[in-house]
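One structure below.
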Amino acid sequence: MASKRSSWQRTHTCGELTARHEGTEVVLNGWIENHRHHGQILFLDLRDRYGVTQVFCDQEVAGTVSGTFETLRRLGAEDVLSVRGTVRRREGDKINKNRSTGEIELVALQVTVLSEAETPPFEILDKAEANEELRMQYRYLDLRRRPLQEAMQKRARFVTAIRNYLQDNRFIDIETPILTKSTPEGARDYLVPSRVHPGKFFALPQSPQIFKQLCMVGGLDRYYQIARCFRDEDLRADRQPEFTQIDLEMSFVEEHDVLDMVEGMVIHGLREGFGIELPQPFPRFDFFEAMEKYGCDKPDLRFGMTLIDVTELAKKSDFKVFATAVATGGTVRGICAEGAAEKFSRKGIDELTAFVTGLGAKGLAWAKVTANGVEGSIAKFYEGDKGKELIAAMGGKPGDLLLFVADQKKIVLKALGDLRLKVGGILGLRDPKVFRCCWVLNFPMFEYNEDKGRWQFAHNPFSAPVDWDIQDFGKDTDQIRSRAYDFVMNGWELGSGSIRIHRTELQARVFEFLGIGKEQQRANFGFLLDAYKYGGPPHGGIALGVDRIVTLALGREGIRDVIAFPKTAMAYDLMAEAPGSVSAEQMAELQIVSTAKPQP
RNA sequence: GGGGGCGUAGCUCAAUUGGUUAGAGUACCGGACUGUCGAUCCGGUGGUUGCGGGUUCGACCCCCGUCGCCCUCGCCA
């Protein structure tokens with residue numbers, strides 16, 4: 001092995017040399033991170049993926065090849081270097097305690113300049129000082145920064161752990177088409193023109209959904225894929241036009257089979273990938289339960305402060321706002337912020353009030369719990385026993401802050417759900433180093449689209465209803481539940497799945513109910529409906545967003561921070577300058593004409 | 001598609017609210033320096049103030065348009 005190594009090639013990495021290598025002769029390769037010149041001696045910090053090692057050079061050291069000092073003297077940041085030298089132990093205050101390699105340095109004997117670098121457009125520092133636009137344009141330089149290196153390494157470790165777990169559980173890694181068919185439901189598709197079928201287009205998959213279900217019909221029994229998905233919608237900090245899912249599907253299962261399997265997978269993946277230990281089991285909430293307790297369908301379980309219904313108490317209240325809300329069919333609910341009375345001044349509460357009114361609430365009623373009762377905006381309506389009754393209902397104790405919203409239920413849940421997160425954030429209860437997972441089950445099957453004036457899928461066209469034998473989807477439509485579930489961590493929706501409809505007849509009736517006619521069914525999903533005619537097994541699965549999981553696990557700002565080559569919010573690749581123009585010949589070959597106005 | 005923020009030296013920012021030669025730190029270049037570790041000290045190079053137009057005696061600053069980046073609502077079955 002050693003004989004195959006060229007003289008300039010590294011024997012060690014920049015992260016592994018320690019005091020036990022003292023006296024050995026080694027070769028390191030890496031980038032110059034920093035250089036410090038002192039006349040007769042100089043120091044360099046040499047960086048690679050594994051760490052940073054200080055290189056020392058003295059004009060007069062025995063064994064130094066002539067010219068070594070002069071070469072190092074003229075080099076600068078980001079030049080790529082091979083250094084042969086001797087490992088020397090550092091003593092006393094020469095030790096750098098901030099580095100794993102800080103107890104040694106490499107005394108340079110001979111150097112080879114592997115590549116000289118122009119002054120980079122921004123400095124390669126752990127803390128990103130250059131703006132993100134510039135860093136995306138020179139992403140290959142940004143990738144040299146330790147936070148990105150860490151993200152890429154841990155992401156890979158996480159994905160590998162997931163693969164191992166699924167492999168060990170008899171899942172088969174199956175590739176599904178990237179060139180597939182557009183379906184009008186759901187997100188906007190990315191399209192690819194076909195040359196040999198002029199005027200026809202492939203679509204890039206929004207997810208491998210249909211194909212994984214066909215894998216079940218195909219008897220593959222347990223499928224998984226680390227799958228790239230594409231959606232042409234406007235972007236956010238947590239959305240990219242292409243993103244990665246852990247996609248899986250299982251045959252002959254019920255909800256708990258999928259949930260148990262995925263729970264084990266997530267625990268294994270976060271442990272192996274990031275050293276995170278998740279508390280088990282993950283609580284499982286019914287959709288309506290989650291809405292009632294947390295005011296949202298993706299509860300952040302890092303703290304309590306659940307929504308409490310005080311409608312019964314409000315009914316008999318002298319406080320008109322409460323009484324009126326109840327009398328007009330509304331509800332009154334509140335949250336109890338433990339020990340928060342001191343932390344919110346009148347001005348602070350005014351800000352919370354502005355926050356909830358911005359969400360559609362008419363106002364925010366508040367009360368600080370004291371030893372004697374309550375004080376605050378509603379105190380005069382809650383003197384004596386009434387106040388004690390309210391405090392008891394809210395589970396309050398002296399020093400707590402009670403916040404109430406009275407309105408129609410939908411508004412109350414939204415306002416308090418968001419307020420809970422905001423107050424929790426202000427009180428420091430949303431620690432990014434704490435991780436709490438849960439499941440939300442039995443989502444409504446349909447939701448009413450006001451604009452289009454019709455019902456549509458709330459989740460996924462293939463999710464089975466809780467009641468297999470349901471006959472009429474038009475009756476109490478908003479009460480119909482599907483066997484859909486979401487995986488949630490720290491208030492982020494990280495995965496979504498369901499038990500599927502595996503019977504042609506039921507699937508056809510769901511489509512019909514939504515006004516998707518026979519012809520359209522055939523055109524869009526014909527092959528899936530056909531497949532079920534030939535024996536589709538009961539099955540279900542889930543897809544989890546890899547980018548979001550990694551972002552959360554590493555405590556990063558957005559998913560761009562864990563994607564090697566991300567795009568901007570305008571779905572543009574600043575580095576590759578994609579999308580770009582194509583030649584008239586290419587357009588002609590595809591029989592495509594652009595109607596876009598030429599850009600100056 | 002709507003709302004908000006930002007755009008000044010390679011990079012990060014400032015410029016007394018419209019005033020005369022647009023500054024600082026850092027990077028870079030040169031010099032000094034035998035123990036630094038974001039070295040220090042001395043000196044130097046570096047500007048189409050995103051772009052186009054307008055108002056004004058005078059514009060980084062005000063107005064209109066435009067481009068780009070970020071956040072957000074809509075959207076994302």
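Naming: A, B, ... by sequence-line order, numbering from 1 per chain.
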Is there a Watson-Crick or G-U wobble partner for [N] with both distances under 3.5 Å, and which nucleotide is it?
N: rU8(B); value: none
N: rG23(B); value: rC13(B)
N: rC41(B); value: rG31(B)
N: rU55(B); value: none

State plainly whether the residues [X] and [Y] are in salt-bridge range, i.e. N to O under 4.0 Å.
X: Lys298(A); Y: Asp486(A); answer: no
X: Glu150(A); Y: Arg556(A); answer: yes
X: Arg144(A); Y: Glu33(A); answer: no
X: Arg239(A); Y: Glu233(A); answer: no
X: Arg509(A); Y: Glu505(A); answer: yes
X: Arg139(A); Y: Glu132(A); answer: no
X: Arg99(A); Y: Asp45(A); answer: yes

Under 5.5 Å centre to centre and under 30° between planes: does that hold for Phe122(A) and the six-membered base ring of rC11(B)?
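Base of rC11(B): not stacked against Phe122(A).
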Of Pro121(A) and Arg99(A), the one whose closest RNA chain B nucleotide lies more 5'
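Result of the comparison: Pro121(A).
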Given atom [atom1] of [X] and atom [atom2] of [N], what is their separation to the nearest angstrom?
X: Asp45(A); N: rG35(B); atom1: CG; atom2: C1'; result: 13 Å
X: Leu141(A); N: rG10(B); atom1: CG; atom2: P; result: 17 Å
X: Phe56(A); N: rG35(B); atom1: CZ; atom2: P; result: 9 Å
X: Tyr572(A); N: rG68(B); atom1: OH; atom2: P; result: 9 Å
X: Phe69(A); N: rG35(B); atom1: CZ; atom2: P; result: 13 Å
X: Phe43(A); N: rG38(B); atom1: CZ; atom2: P; result: 12 Å
X: Gln54(A); N: rG38(B); atom1: CD; atom2: P; result: 10 Å
X: Asp573(A); N: rC69(B); atom1: CG; atom2: P; result: 11 Å

Going 5' to 3' through nucleotides 72-77 of chain B, assign each nucleotide B (protein heavy atom under 4.0 Å from a base atom), S (under 4.0 Å only from sugar-phosphate atoms) or - (no protein heavy atom that close).
SBBBBB
Could you measure between the two P atoms, the one in rC62(B) and the one in rG19(B), and give it in whole Å?
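Looking at atom P only, rC62(B) and rG19(B) are 11 Å apart.
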Between Trp439(A) and Phe285(A), is the ring centre distance below 6.0 Å?
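That pair fails the under 6.0 Å test.
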Between rG35(B) and Arg88(A), counting only base atoms on the nucleotide and side-chain atoms on the residue, is there a donor-acceptor pair under 3.5 Å?
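Answer yes: a donor N or O sits under 3.5 Å from an acceptor.
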Whether the side chain of Gln59(A) and the base of rU34(B) hold a donor-acceptor pair under 3.5 Å is what I'd like checked.
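Between rU34(B) and Gln59(A), which were checked side chain against base, a qualifying N/O pair under 3.5 Å is absent.
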Does atom CD of Glu70(A) have more than 12 heavy-atom neighbours from other groups under 6.0 Å away?
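Yes, the 6.0 Å shell around CD holds more than 12 heavy atoms from other groups.
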Might you confirm whether atom NZ of Lys567(A) has over 12 heavy atoms from other residues, nucleotides or ligands at distances under 6.0 Å?
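Yes, NZ of Lys567(A) has more than 12 neighbouring heavy atoms, counting only those of other groups under 6.0 Å.
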Taking only residues two or more places apart in sequence or in another chain, which ones pass salt bridge (charged side-chain N to carboxylate O under 4.0 Å, His left out) with Arg500(A)?
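In terms of salt bridge (charged side-chain N to carboxylate O under 4.0 Å, His left out), with neighbours along the sequence ignored, Arg500(A) is linked to Glu249(A).
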Side chain of Arg90(A), heavy atoms from C-beta onward: which of rU34(B), rC70(B), rU36(B) has the nearest atom to it?
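Within the option list, the nearest is rU36(B).
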Among rC70(B), rG35(B), rC37(B), the one nearest Asn96(A) by side-chain distance:
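The answer is rC37(B), which lies nearest to the side chain.
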Qualifying residue, where the test is ring pair (Phe, Tyr, Trp, His ring centres under 6.0 Å) with Phe473(A) and the options are Phe511(A), Phe446(A), Trp455(A):
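Only match with Phe473(A) under ring pair (Phe, Tyr, Trp, His ring centres under 6.0 Å): Phe446(A).
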Which residues in residues 554-562 of chain A have a heavy atom closer than 4.0 Å to any atom of RNA chain B?
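When residues 554-562 of chain A is checked for heavy atoms under 4.0 Å from RNA chain B, the hits, listed by number, are Arg560(A).
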Sub-4.0 Å heavy-atom contacts from residues 130-137 of chain A onto RNA chain B, ordered by number:
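Close to the strand are Ala130(A), Asn131(A), Glu132(A), Glu133(A), Leu134(A), Met136(A).
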Pairs under 3.5 angstrom, nitrogen or oxygen only, protein versus nucleotides 23-32 of chain B, please.
unit_1	atom_1	unit_2	atom_2	d
rU26(B)	O2'	Glu123(A)	OE2	2.9

Yes or no on side chain to side chain donor-acceptor pair (under 3.5 Å) for Thr176(A) and Gln225(A), after CA distance, side-chain angles and deciding distance?
CA-CA 8 Å; Thr176(A) 53; Gln225(A) 185 178 193; 3.0 Å; yes
What are the two closest heavy atoms between Asp561(A) and Leu148(A), and how far apart are they?
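It is O-CD1, 4.1 Å.
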Pairs under 3.5 angstrom only: tabulate donor-acceptor contacts from the side chains of residues 54-61 of chain A to other protein residues two or more places apart or in another chain.
unit_1	atom_1	unit_2	atom_2	d
Gln54(A)	OE1	Arg36(A)	NH2	3.0
Gln54(A)	NE2	Glu105(A)	OE1	2.9
Asp58(A)	OD1	Glu60(A)	N	2.9

Syn or anti for rU17(B) (syn when the glycosidic angle lies within 90° of 0):
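Syn, which is what one calls it when the glycosidic angle falls within 90° of 0.
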Glu105(A) near the nucleic acid: base, sugar-phosphate alone, or nothing, with a heavy-atom cut-off under 4.0 Å?
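Here Glu105(A) touches the bases of the nucleic acid.
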